Amino acid sequence: MLTDWLDALLGLDREIEEVNALQMAVRAVTIYAFTLVIVRVGSKRFLGRATAFDVIMGFIIGSVMSRAINGSAPYFPTLVAGAVLIGMHWLLAVIAYHTRWFGPVVKGNPVLLVEDGQVNERAMRASHISRRDIEEALRLRGVEADLSRIRRAYLERDGRISVIVE
């Protein structure tokens with residue numbers, strides 16, 4: 001019967017104490033495919049420009065789904081838990097988009113580091129950003145690393161430094 005074959009292939013039999021190498025390989029392929037589908041359906045931007053909100057979800061989903069691969073958690077309940085986590089991430093992202101106050105709670109705010117050539121030392125210290133970090137951001141844009149020419153520089157929510165020069 002198909003269910004018996006599937007049970008044996010994935011190591012779903014309750015009598016089996018451990019999954020074997022073939023079962024773990026098949027589980028890895030199916031968990032990878034399932035996770036890819038739910039991430040792409042649930043959150044198109046997931047880890048594209050990762051904020052802490054996205055990175056935390058990446059760690060959690062990886063941890064949960066890996067348990068189904070190695071057999072330390074039940075296979076199908078783990079798939080459901082992974083789908084619920086991605087659904088929750090999507091829902092929080094939608095709420096963050098539609099409400100002014102919730103987005104900054106889960107995603108953070110940009111931090112103004114430099115304005116009109118003046119370095120905001122307090123913001124830089126609190127963000128653990130040095131002048132060299134800002135100079136690097138300028139060089140990466142192909143601009144001379146001269147802080148006095150910066151109109152504004154921000155530490156963005158995803159950890160990158162954006163600069164607007166004169």
Side-chain angles (χ1 to χ4, degrees), residues 1-99 101-111 113 124-130 132-142 153-163:
M1 187 173 204
L2 181 60
T3 57
D4 293 336
W5 180 78
L6 192 58
D7 286 350
L9 186 62
L10 292 172
L12 302 176
D13 296 336
R14 298 290 172 235
E15 298 169 10
I16 297 174
E17 292 183 20
E18 293 183 6
V19 293
N20 63 36
L22 175 63
Q23 291 166 335
M24 196 174 294
V26 171
R27 282 173 172 240
V29 169
T30 59
I31 293 296
Y32 176 82
F34 179 80
T35 304
L36 182 62
V37 167
I38 63 173
V39 165
R40 295 308 301 152
V41 168
S43 181
K44 301 258 188 266
R45 61 179 291 279
F46 182 62
L47 296 180
R49 288 190 177 161
T51 61
F53 173 67
D54 299 316
V55 171
I56 290 167
M57 178 53 69
F59 287 138
I60 292 171
I61 196 76
S63 175
V64 167
M65 300 311 270
S66 69
R67 297 189 68 198
I69 293 172
N70 66 24
S72 63
Y75 186 79
F76 290 112
T78 301
L79 295 181
V80 171
V84 167
L85 284 169
I86 294 297
M88 184 181 74
H89 184 264
W90 174 83
L91 179 63
L92 291 176
V94 168
I95 293 169
Y97 176 79
H98 289 290
T99 60
W101 66 270
F102 191 67
V105 170
V106 296
K107 296 181 181 183
N109 284 310
V111 177
L113 301 172
M124 289 183 54
R125 195 172 26 261
S127 302
H128 306 288
I129 300 293
S130 70
R132 289 184 301 273
D133 295 325
I134 296 174
E135 291 168 353
E136 176 184 1
L138 287 167
R139 287 191 304 273
L140 289 171
R141 286 194 61 204
Y154 293 93
L155 175 62
E156 299 295 348
R157 299 183 313 173
D158 65 0
R160 293 182 299 162
I161 298 172
S162 64
V163 291

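Treat the numbers as computed from the prediction; the structure is a model and nothing was measured.
Closest approach of M24 to I69, counting heavy atoms only: CG-O, 3.3 Å. The minimum heavy-atom distance between V111 and S127, with the atom names listed, is CG1-OG, 3.8 Å. The nearest pair of heavy atoms linking M65 to L79 is CE-CD2, 3.9 Å. Summarising the geometry of A96 relative to G103, their closest heavy-atom pair is CB-CA, 3.6 Å, with the distance given to 0.1 Å. The nearest pair of heavy atoms linking L10 to V19 is O-CG1, 4.2 Å. What you find for Y75 and A68 is that their closest heavy atoms are CD1-O, 4.2 Å.
Atom NE2 of H89 sits about 9.5 Å away from atom CD1 of I60, to the nearest 0.5 Å. Atoms CD1 and CE, on I61 and M88 in that order, are 9.5 Å from each other to the nearest 0.5 Å. With rounding to the nearest 0.5 angstrom, the CG atom of L155 is 5.5 Å from the CG atom of L113. A distance of 7.0 Å separates CE in M124 from CG in D133, rounded to the nearest 0.5 Å. Considering CD1 of I134 and CD of E136, their distance stands at 11.0 Å, rounded to 0.5 Å. A distance of 10.5 Å separates CD1 of I161 from CD of E135, quoted to the nearest 0.5 Å.
Listed by chain and residue number, L91, T99, F102 satisfy the side chain to side chain contact (heavy atoms under 4.5 Å, CB included) test with I95 (two or more places apart in sequence, or in another chain). Among residues two or more places apart in sequence or in another chain, the side chain to side chain donor-acceptor pair (under 3.5 Å) test is passed with S66 by none.
Looking at R27, its side chain never comes within 3.5 Å of a backbone N or O of N70 through a donor-acceptor pair.
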